[in-house]
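Just so you know, residue 1 is the first one in the sequence shown, and it goes up from there. Worth saying up front: this structure is predicted, and the values here are computed from it rather than measured.
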Amino acid sequence: MKILLLADEEAAKFYDYYKPGMFDPYDVIISCGDLHREYLEFIVTMSGKPLLYVHGNHDDSYRENPPGGCICIEDRIFVYKGIRFMGLGGSLRYRKDGINMYTESEMRSRIRRLWWRLKRHRGVDIIVTHAPPHGFGDMDDLPHRGFKSFVKLLDQYSPTFLVHGHIHGNYGILMPKTQEYKDTLIVNAWQFAEIEIPDREQM
């Protein structure tokens, strides 16, 4: 399964310079947050592929106007062709009025509420977040700090991938696109990235 990842900033190649057939190589498209609704609707329409998404910290408008034709995987496990995707969007809370912002304690509670689904699905293959795990491509300031609870989640379930956004590649020349943590490849989807995972039998 080949997957296109998107996050944070619209990629001109998929929008302004779109060409028919450019989404054909992909089986699934994932948005890791902070993308305009119209952009996602354009891509899901032109690709005809499932587009899964989580909320970024700037996606408050999704509450009233979610991107049409796309599949929200917040706080759930979504299985497609045997691959298990789990969504945990949002960032660390750095102001009081952010709908898609969470304290570390609140994120731990979200993860705990998924324990039965994780048990029933025997784990997860790809974790889709907006913020990164703490210490893996995040930054020191509160708005761009990652979640420690994500690291514990990787320790417990060892997914093949954790894909995230939030940390823009133009924040600094040393921003890594990928990092390894034990058995998991952590991928920053800023603008776009690609991953592949072997097909599996339906579970």
Side-chain angles (χ1 to χ4, degrees), residues 3-12 30-37 39-40 52-63 72-75 85-115 118 124-195:
I3 301 170
L4 174 64
L5 309 174
L6 308 168
D8 301 298
E9 186 176 303
E10 286 75 16
I30 295 176
S31 167
C32 295
D34 282 354
L35 290 169
H36 292 111
R37 175 176 55 86
Y39 178 68
L40 298 184
L52 318 181
Y53 72 92
V54 296
H55 300 138
N57 55 300
H58 297 301
D59 288 333
D60 292 2
S61 65
Y62 282 13
R63 175 173 287 188
C72 181
I73 61 168
E74 287 282 359
D75 300 302
F85 302 84
M86 185 172 78
L88 290 164
S91 73
L92 267 171
R93 182 169 297 284
Y94 59 88
R95 65 170 196 264
K96 293 182 179 180
D97 60 342
I99 295 174
N100 298 300
M101 297 181 190
Y102 304 88
T103 65
E104 190 71 63
S105 177
E106 288 170 338
M107 184 58 75
R108 285 197 302 269
S109 294
R110 291 178 67 190
I111 293 170
R112 280 197 299 268
R113 288 194 292 270
L114 286 166
W115 78 270
L118 284 162
V124 61
D125 300 298
I126 301 175
I127 298 176
V128 182
T129 68
H130 181 62
H134 180 63
F136 293 88
D138 59 346
M139 302 174 71
D140 293 332
D141 62 310
L142 182 61
H144 298 101
R145 196 178 303 159
F147 284 100
K148 295 178 181 178
S149 50
F150 289 169
V151 180
K152 293 181 179 179
L153 190 60
L154 299 183
D155 286 335
Q156 188 168 2
Y157 293 101
S158 300
T160 304
F161 294 100
L162 183 146
V163 299
H164 69 87
H166 196 49
I167 308 300
H168 297 205
N170 55 9
Y171 284 169
I173 59 173
L174 298 178
M175 292 296 174
K177 194 69 173 175
T178 63
Q179 294 185 80
E180 293 183 5
Y181 178 71
K182 297 184 178 178
D183 296 326
T184 301
L185 184 66
I186 299 168
V187 182
N188 184 341
W190 175 68
Q191 287 192 340
F192 68 93
E194 297 178 356
I195 60 174

(request) Measure the shortest side-chain to side-chain distance between I3 and I126 over non-hydrogen atoms and say whether it is less than 4.5 angstrom. (result) yes
(request) Kindly indicate whether the side chain of L92, heavy atoms from C-beta on, has any atom under 4.5 Å from the side chain of L142. (result) yes
(message) Within the 4.5 Å heavy-atom criterion, are L162 and H164 side-chain neighbours or not?
(response) yes
(message) Whether the side chain of Y39 engages the backbone of A11 through a donor-acceptor N/O pair (distance < 3.5 Å, no angle test) should be reported.
(response) yes
(message) Is it the case that atom NZ in K177 sees more than 12 heavy atoms from other parts of the structure closer than 6.0 Å?
(response) yes
(message) Would you say CZ of R63 has more than 12 non-hydrogen atoms from neighbouring residues, nucleotides or ligands within 6.0 angstrom?
(response) no
(message) Pair T178, N188 - check side-chain contact (heavy atoms from CB on, under 4.5 Å), show working.
(response) CA-CA 6 Å; T178 63; N188 184 341; over 6 Å; no
(message) Between I30 and F85, is there a side-chain heavy-atom distance shorter than 4.5 Å?
(response) yes
(message) Test your reading of the model: is there a side-chain donor-acceptor pair from N100 to the backbone of G90, 3.5 Å cut-off?
(response) no
(request) Please check if the side chain of D8 supplies one atom and the backbone of D34 the other of a donor-acceptor pair under 3.5 Å. (result) no
(message) A side-chain contact here means heavy atoms from C-beta on lying under 4.5 Å apart; do M107 and L88 qualify?
(response) yes
(message) Between E10 and H36, do the side chains contain a donor N or O and an acceptor N or O under 3.5 Å apart?
(response) yes
(request) Taking the six-membered ring of Y62 (Phe, Tyr or Trp), confirm whether the NZ or CZ of R37 is under 6.0 Å from its centre and within 45° of its axis. (result) no
(message) Using the side chain to side chain contact (heavy atoms under 4.5 Å, CB included) definition, which of the options V54, D125, V128, L118 pairs with M86?
(response) L118
(message) Within the 4.5 Å heavy-atom criterion, are F147 and R145 side-chain neighbours or not?
(response) no
(request) Ignoring hydrogens and angles, tell me if any N or O in the side chain of R110 forms a donor-acceptor pair with the backbone of G89 under 3.5 Å. (result) yes
(request) Please confirm whether the backbone N or O of P132 pairs with a side-chain atom of T129, one donor and one acceptor, at under 3.5 Å? (result) no
(request) Kindly give the heavy-atom pair with the smallest separation between D138 and G146, and that separation in Å. (result) OD2-N, 2.8 Å
(message) Working to the nearest 0.5 angstrom, can you tell me the gap between L40 CG and L35 CG?
(response) 5.5 Å
(request) Check each of R112, E104, H134, R108 against S149 using the side-chain hydrogen bond (donor to acceptor under 3.5 Å, both in side chains) test, and report the only one that passes. (result) E104
(message) Ignoring hydrogens, what is the shortest heavy-atom contact between H130 and H55? Give both atom names and the distance.
(response) CB-O, 3.6 Å
(message) Using the rule given for side-chain contact (heavy atoms from CB on, under 4.5 Å), can you reason through I127 versus L154, listing the C-alpha separation, both sets of side-chain angles and the distance that settles it, and then say yes or no?
(response) CA-CA 9 Å; I127 298 176; L154 299 183; 4.2 Å; yes
(message) Would the distance check show the side chain of Q179 and the main-chain N or O of V187 forming a donor-acceptor pair, the cut-off being under 3.5 Å?
(response) no
(message) For H166 together with H144, are the ring centres under 6.0 Å from each other?
(response) yes
(message) Under a 3.5 Å threshold, yes or no: a donor from one side chain and an acceptor from the other, between N57 and Y94?
(response) yes
(request) Check whether any side-chain N or O of T184 sits under 3.5 Å from a backbone N or O of E180 as a donor-acceptor pair, and report yes or no. (result) no
(message) Side chains of Y181 and D155: any donor to acceptor distance under 3.5 Å?
(response) yes
(request) Drop me the distance from Y53's OH to D59's CG, to the nearest 0.5 angstrom. (result) 9.0 Å
(request) Could you check if a side-chain atom of D97 sits within less than 4.5 angstrom of a side-chain atom of D60, using non-hydrogen atoms only? (result) no
(request) State, with a plain yes or no, whether a side-chain heavy atom of S31 is found less than 4.5 Å away from one of L52. (result) no
(request) May I have the step-by-step check of side-chain contact (heavy atoms from CB on, under 4.5 Å) for F192 and L4, ending in yes or no? (result) CA-CA 7 Å; F192 68 93; L4 174 64; 4.2 Å; yes
(message) Let me confirm one number: the CD1-OG distance from I167 to S91, rounded to the nearest 0.5 Å.
(response) 9.5 Å
(request) Kindly compute the distance separating SG (C32) from CG (L6), expressed to the nearest 0.5 Å. (result) 8.0 Å
